[in-house]
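Structure, as structure tokens:
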Amino acid sequence: MSGRAFPETHWSVVTMAARAGEPQGESALASLCGAYWYPLFSHLRARGHSRHEAEDLLQGFFVHLFEKQALGRADRLKGTFRGFLLGCLKYYLANQRELASAHKRGGLVKLVSLDFDEAESRLVAGHSNNPSQDVEREFDRQWALLIMERSLARLQTLHLERLEVFHALKGYLTASDDTRYETVAQRLGVTESSVKVTVHRMRAQFREILRAEVAATVSAPHEIDAELRHLVGVVSTETP
Amino acid sequence: MPHDSPATILACARCGAAESLAVEGLCSQCLLRLALPSEPAKDKALPDSPAPALARDANLAG
């Protein structure tokens with residue numbers, strides 16, 4: 001994997017295809033929506049909708065989203081996929097009565113797989129994590145968490161052959177500089193130096209993966225750092 | 001372990017944030033900052049010459 005290469009799929013493809021009126025952006029959009037729909041569900045629930053209302057709204061929203069008129073709005077294609085999704089959802093909710101007919105016309109959208117049981121379980125589990133009272137900030141916060149979870153999952157796939165080592169050392173990705181590794185080294189039956197090298201390598205891999213994950217949700221490479229800094233801000237529970 | 005428990009961060013050992021969110025027991029702010037080039041992770045603990053250690057424990061890194 002190269003973290004330097006800007007991904008040729010995902011949000012940049014969607015925006016370019018939409019502007020050119022080409023159809024291939026749809027599969028890239030479906031892929032992105034399939035990966036990042038949970039923050040939308042969480043957002044709807046945070047706005048007070050019941051689980052079943054949120055399910056109906058989300059399914060109707062995706063039908064609306066995949067209609068050409070939603071993607072064809074060039075002004076919505078500027079910036080991040082995160083901003084696009086939330087902006088489109090707010091538009092959909094504000095015009096719900098008018099746009100609900102699209103849901104009836106299109107039936108349930110098949111392009112995006114939605115596991116609402118898993119989403120609800122995740123939502124309940126997340127309640128212990130001090131959710132923000134600001135529903136838009138909470139959307140961004142859930143987005144940030146999902147990006148990191150996906151990145152950690154991808155990091156794990158690089159260490160499938162030695163999962164016990166990965167799980168033993170994963171907790172050291174954010175360890176302080178003066179962390180000692182004697183205990184874990186003894187447990188793994190290796191030297192402390194070897195543990196340090198492996199942790200260093202895991203950090204470098206995670207850095208590349210996380211940047212690639214964020215790169216897939218922004219329009220241009222120069223937006224990656226700004227998006228990362230925005231996400232750092234929203235995961236803090238301090239008032240902005 | 002760097003943090004007090006897998007689920008809750010009382011205070012991150014790296015940044016000191018007391019209220020940061022936990023992602024699989026890790027400080028979310030520090031995880032995100034790992035990817036920022038302007039704030040690279042400082043690996044002072046790295047050995048000067050990792051090659052001998054790698055050779056001895058080649059099976060560790062996988």
Side-chain angles (χ1 to χ4, degrees), chain A residues 3 128-130 141 144-145 147-149 151-152 158-163 165-166 169-181 184 188-204 206-211 213-214 224-225 228-229 231-233 235-238, chain B:
Chain A
S128 61
N129 256 341
N130 302 317
R141 186 172 164 274
L145 294 177
I147 285 226
M148 284 182 278
E149 288 172 6
S151 299
L152 283 171
L158 299 181
H159 296 267
L160 290 178
E161 293 181 0
R162 297 305 303 267
L163 273 181
V165 172
F166 173 79
L169 301 185
K170 181 179 68 175
Y172 293 92
L173 281 172
T174 58
S176 59
D177 297 335
D178 56 356
T179 297
R180 305 294 303 196
Y181 298 96
V184 70
L188 293 171
V190 296
T191 65
E192 188 178 3
S193 292
S194 179
V195 168
K196 290 175 183 173
V197 169
T198 304
V199 170
H200 178 67
R201 179 188 293 183
M202 285 171 61
R203 280 181 188 151
F206 181 78
R207 187 176 302 134
E208 281 210 15
I209 290 169
L210 182 55
R211 290 187 67 81
E213 192 74 25
V214 171
I224 297 172
D225 289 349
L228 277 165
R229 291 194 177 92
L231 297 178
V232 167
V235 297
S236 167
T237 54
E238 295 172 8
Chain B
M1 291 292 288
H3 301 120
D4 296 275
S5 80
T8 306
I9 293 177
L10 297 180
C12 173
R14 188 177 187 86
C15 72
E19 297 181 337
S20 183
L21 284 171
V23 180
E24 299 190 29
L26 299 168
C27 171
S28 55
Q29 290 187 56
C30 285
L31 274 179
L32 287 167
R33 287 194 175 111
L34 280 176
L36 280 168
S38 57
E39 302 173 68
K42 296 174 183 174
D43 294 309
K44 292 177 183 174
L46 274 177
D48 293 335
S49 176
L54 278 176
R56 279 197 305 273
D57 304 303
N59 64 333
L60 177 62

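Below, chain A is the first sequence line, B the second, and so on; all start at residue 1.
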Apply side chain to side chain contact (heavy atoms under 4.5 Å, CB included) to the pair A:Leu210 and B:Leu34, showing each step before the final yes or no. CA-CA 9 Å; A:Leu210 182 55; B:Leu34 280 176; 5.7 Å; no

Would you give the length of the straight line joining atom CZ of B:Arg33 to atom CG of A:Leu231, rounded to the nearest 0.5 angstrom? 12.0 Å

Could you report the tightest heavy-atom contact between B:Cys30 and A:Thr174, atom names first, then the distance? CB-CG2, 3.6 Å

Pairwise side-chain contact, B:Pro37 with A:Arg211, heavy-atom cut-off 4.5 Å (strictly under): yes

Residues A:Met148 and B:Val23: closest non-hydrogen pair is CE-CG2, 3.8 Å

In this structure, CG of B:Leu31 is separated from CZ of A:Arg203 (nearest 0.5 Å) by 10.5 Å

With sequence neighbours left out, write down each residue that passes salt bridge (charged side-chain N to carboxylate O under 4.0 Å, His left out) with A:Glu149, or none if nothing qualifies. A:Arg122

Check each atom of A:Leu152 against the heavy atoms of chain B and say whether the ones under 4.5 Å are side chain, backbone, both or neither. side chain

